[in-house]
Amino acid sequence: MKIIFKIIMLFILIILIINLFMIIYTNKKIKDQNKLLDESYDCILVLGAGIRKGKPSPMLEDRLLMAKELYTAGLSSKILVSGDHMNNNYDEVNVMKDYLIEAGVPSEAI
């Protein structure tokens, strides 16, 4: 029983050390929206995150709204949407494009 407990504790310690390393290593590489606005970019890339009944999933909707916000703030003049189109009934790209157009982004920007 003690050996199993020690193995579990070692495993938890290793996970915590890896997480701490990742937080320290990536902390300076993550940019928030205010830092992004100091530069301009070729495009704003929005990766797909699922659609439900022809509408963006909540996570995808958050991504699209952020892309619109960054576009409106002048970060870039283009938004590139990328997603799955596994069949005619599942087309993330066109759902994303239609969502952005309905949200007020000009179609020529997408």
Side-chain angles (χ1 to χ4, degrees):
M1 189 68 165
K2 285 186 174 186
I3 294 174
I4 293 174
F5 179 74
K6 287 180 181 180
I7 292 172
I8 291 172
M9 292 306 293
L10 180 62
F11 181 74
I12 291 171
L13 182 62
I14 290 170
I15 297 295
L16 290 174
I17 290 170
I18 291 171
N19 282 333
L20 181 61
F21 172 78
M22 292 304 296
I23 289 169
I24 292 169
Y25 179 75
T26 60
N27 191 34
K28 294 179 182 174
K29 297 181 185 237
I30 297 172
K31 294 184 178 183
D32 66 14
Q33 183 179 353
N34 295 328
K35 290 180 184 175
L36 289 174
L37 295 175
D38 295 338
E39 302 175 30
S40 65
Y41 299 87
D42 294 333
C43 70
I44 299 163
L45 174 62
V46 183
L47 301 175
I51 56 174
R52 298 178 183 155
K53 298 179 182 176
K55 301 289 181 190
S57 68
M59 181 182 289
L60 181 55
E61 186 173 20
D62 285 345
R63 292 178 183 184
L64 293 167
L65 290 172
M66 178 55 70
K68 179 188 179 235
E69 188 175 325
L70 295 171
Y71 171 82
T72 303
L75 189 74
S76 178
S77 62
K78 297 284 181 191
I79 298 175
L80 176 63
V81 293
S82 176
D84 194 0
H85 188 166
M86 68 176 84
N87 59 47
N88 290 336
N89 297 323
Y90 192 90
D91 184 0
E92 285 183 343
V93 172
N94 282 307
V95 168
M96 295 163 71
K97 178 184 174 189
D98 293 343
Y99 183 92
L100 287 170
I101 291 171
E102 289 176 20
V105 176
S107 62
E108 59 272 3
I110 306 168

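In this text, all values refer to a predicted model and were calculated from it rather than measured experimentally. Below, all heavy atoms of this structure are taken into account, side chains as well, without hydrogens, waters or symmetry copies. FYI, the numbering just counts along the sequence from 1.
Scanning both residues, Arg52 and Pro58, for their nearest heavy atoms gives NH1-CD, 3.4 Å. When all heavy atoms of Ala67 and Val46 are compared, the pair lying nearest together is CB-CG2, 3.4 Å. Leu64 and Pro56 make their closest contact through CD1-CG, 3.9 Å (heavy atoms, listed as atom of the first residue, atom of the second, distance). Residue Gly48 comes nearest to Glu92 through the heavy atom pair CA-OE1, 3.4 Å, listed as atom of the first residue, atom of the second, then distance.
Its side chain within the 4.5 Å cluster rule, Ile15 clusters with Phe11 among the Ile, Leu, Val, Met, Phe, Trp and Tyr residues. Taking a 4.5 Å side-chain heavy-atom cut-off between Ile, Leu, Val, Met, Phe, Trp and Tyr, the cluster of Ile7 extends to Ile3.
For Phe21, the ring-ring contact (aromatic ring centres under 6.0 Å, His included) partners two or more places apart in sequence, or in a different chain, are Tyr25.
Connection of Met59 to Tyr90 is not established within any shared hydrophobic cluster, with ILVMFWY side chains joined at heavy-atom distances below 4.5 Å, either directly or through further cluster members. In the hydrophobic clustering of ILVMFWY residues, with side-chain heavy atoms under 4.5 Å counting as a link, Leu60 and Met66 come out together.
For Leu13, the CG atom sits in a packed shell: over 12 heavy atoms of surrounding residues, nucleotides or ligands are nearer than 6.0 Å.
With rounding to the nearest 0.5 Å, the separation of CD1 in Ile110 from CD1 in Ile44 is 10.5 Å.
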Taking only distance into account, with no hydrogens and no angle test, what donor-acceptor pairs under 3.5 Å do side-chain atoms of residues 74-82 form with protein atoms, sequence neighbours excluded?
{"residue": "Ser76", "atom": "OG", "partner": "Tyr41", "partner atom": "O", "Å": "3.0"}
{"residue": "Ser76", "atom": "OG", "partner": "Asp42", "partner atom": "O", "Å": "3.1"}
{"residue": "Ser76", "atom": "OG", "partner": "Cys43", "partner atom": "N", "Å": "3.4"}
{"residue": "Ser76", "atom": "OG", "partner": "Lys78", "partner atom": "N", "Å": "3.2"}
{"residue": "Ser76", "atom": "OG", "partner": "Lys78", "partner atom": "O", "Å": "3.4"}
{"residue": "Lys78", "atom": "NZ", "partner": "Glu108", "partner atom": "O", "Å": "2.9"}

Please tabulate, one pair per line, all N/O donor-acceptor pairs under 3.5 Å involving side-chain atoms of residues 94-102, not counting sequence neighbours.
{"residue": "Asn94", "atom": "ND2", "partner": "Asp91", "partner atom": "OD2", "Å": "2.5"}
{"residue": "Tyr99", "atom": "OH", "partner": "Glu61", "partner atom": "OE2", "Å": "2.8"}

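Across Ile12, Leu20, Ile18, a single residue satisfies side chain to side chain contact (heavy atoms under 4.5 Å, CB included) together with Leu16, and that is Ile12.
Every pair passing side chain to side chain donor-acceptor pair (under 3.5 Å) that includes a residue from residues 64-73 is listed here, sequence neighbours excluded: Gln33-Glu69.
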